[in-house]
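When a ligand or atom number is given, it counts from 1 through the structure's own listing order.
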Amino acid sequence: MYEKKEKKPSEDKPRLTMLSELGEFGLIERLTRNVTIHHPGTLKGIGDDAAVIDAGNKVMLISTDLLVEGIHFDLTYMPFRHLGYKAAVVNISDIAAMNGIPKQMTVSLAVSSRFSAEALDELYAGIVTACDKYKVDLVGGDTSSNVKGLTISVTVVGEAKKEEVTYRSGARTGDLLCVTGDLGSAFIGLLILEREKSVFRVDPNMQPELTGFDYQIGRQLRPEARTDVRNLLIGLGIKPTSMIDISDGLASEILHICKQSGVGCKLFEGKIPIEEHTRELAKEYKIIPSVAALSGGEDYELLFTVGQDDYEKIKDVAGITIIGHMTAAAEGKQMITPDGKSVAITAQGWDGMRK
Ligand code: ADP
Ligand code: MG
């Protein structure tokens with residue numbers, strides 16, 4: 001008698017891996033697992049803020065970023081000029097994170113017919129303003145039509161002396177963990193813009209109420225790259241042992257440094273620099289202020305480590321805060337709360353906060 005054989009679904013089709021199972025970093029690791037470096041001049045490939053390429057007595061730094069409408073920006077509240085400025089700045093920030101000097105840039109666009117030339121003029125006005133401010137030469141790019149929406153890809157080339165380059169992997173046990181500026185305001189700015197957007201949707205005649213939040217909204221819509229930190233540290237006689245820019249949130253960036261340097265850390269929650277008004281606004285939004293700094297992202301400040309011997313040089317510098325120190329890997333990645341409790345640092349990241 002014919003016996004019906006039960007088929008397991010897996011016999012038909014191999015189970016496919018959902019991208020959500022991997023996450024962004026897991027996906028990058030998976031896609032690049034078979035990549036081989038063919039040239040000894042490729043000093044650093046994938047895995048830092050920029051690639052590092054030997055260029056004789058100097059190194060060339062290359063970094064690229066993609067901005068996708070609906071994912072990275074919302075044109076409801078993002079003026080084109082600001083968008084262009086931000087697209088340039090977030091790339092320049094990656095060169096600053098390598099302790100380099102940004103020099104050239106290419107800009108590529110995929111744009112649907114929904115946009116006017118005037119809108120794109122504005123976008124380029126923003127890009128050119130950033131290029132003028134940061135002394136970067138726009139040297140090329142590519143332009144394509146798009147089925148839907150706007151996608152911008154920017155690549156920045158920078159330069160440094162080989163011994164100046166700061167990698168994510170250079171932190172050592174005992175190093176001091178430092179951050180420039182203040183954190184969390186860009187995320188609060190985004191919450192304000194999102195809130196006003198929903199008001200706008202309910203009543204299209206209503207003007208968004210944005211006055212009084214200039215700092216937070218400015219941090220979100222018009223961030224700056226900390227290219228000044230390089231000279232500040234040279235002036236102090238300090239070479240950071242590692243450095244990264246804060247694009248995804250303090251927690252995620254600390255974990256990158258720990259992972260790539262093979263160390264742990266002790267971060268003191270009470271030391272995280274947060275602007276006073278941002279602190280108040282966070283509470284209004286029922287967000288613990290440090291969480292806005294740890295998980296919010298887009299502040300584009302620099303996170304770096306320096307040797308313990310540099311403590312005297314750095315401890316009183318305005319605009320730089322020592323927020324903790326690096327430990328042996330076995331001690332884990334800890335955050336010490338103001339009441340002395342130790343909690344594990346996890347990269348909740350952007351997505352985790354908003355869902
Ligand atoms: P950042 O936040 O500083 O821009 P990312 O987290 O985007 O850095 O990227 C981490 C590293 O992975 C970088 O070295 C980057 O060049 C590399 N990378 C990202 N996406 C890809 C990809 N699709 N293929 C190859 N390398 C990638
Ligand atoms: Mg970066």
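How far CE of Met60 is from CG of Leu43: 10.5 Å, rounded to the nearest 0.5 Å. In this structure, Leu267 CG and Leu250 CG are separated by 6.0 Å, a value rounded to the nearest 0.5 Å.
For His72 (side chain) and Val68 (main-chain N/O), a donor-acceptor pair under 3.5 Å exists by modelled atom type. In terms of modelled atom types and a separation under 3.5 Å, the side chain of Glu253 and the main chain of Asp248 share a donor-acceptor contact. Checking side-chain atoms of Asp48 against main-chain N and O of Arg168 turns up a donor-acceptor pair under 3.5 Å.
We find that Arg279 and Glu284 are not joined by a salt bridge, their nearest charged nitrogen and carboxylate oxygen being 4.0 Å or further apart. Of the charged side-chain nitrogens involved, at least one lies within less than 4.0 Å of a carboxylate oxygen, so that Arg222 and Glu224 count as a salt-bridged pair.
Residue pairs meeting the side-chain hydrogen bond (donor to acceptor under 3.5 Å, both in side chains) criterion with at least one member in residues 231-242, sequence neighbours excluded: Asp175-Thr241, Thr241-Thr305, Ser242-Thr305.
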Short N or O contacts of ligand 1 with protein, under 3.5 Å, listed by atom name?
| residue | atom | partner | partner atom | Å |
| --- | --- | --- | --- | --- |
| ligand 1 | 3 (O) | Asp49 | OD1 | 2.9 |
| ligand 1 | 3 (O) | Asp94 | OD1 | 3.1 |
| ligand 1 | 3 (O) | Arg168 | NH2 | 3.2 |
| ligand 1 | 4 (O) | Asp94 | OD2 | 3.4 |
| ligand 1 | 14 (O) | Gly47 | N | 2.7 |
| ligand 1 | 14 (O) | Asp48 | N | 3.4 |
| ligand 1 | 14 (O) | Asp48 | O | 3.1 |

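Listing protein N, O or S atoms at distances below 2.8 Å from the Mg ion (ligand 2), with waters left out, gives Asp49 OD1, Asp94 OD1, Asp245 OD1.
By the side chain to side chain donor-acceptor pair (under 3.5 Å) test, Lys341 is found to be paired with Asp339, residues two or more places apart in sequence or in another chain being considered.
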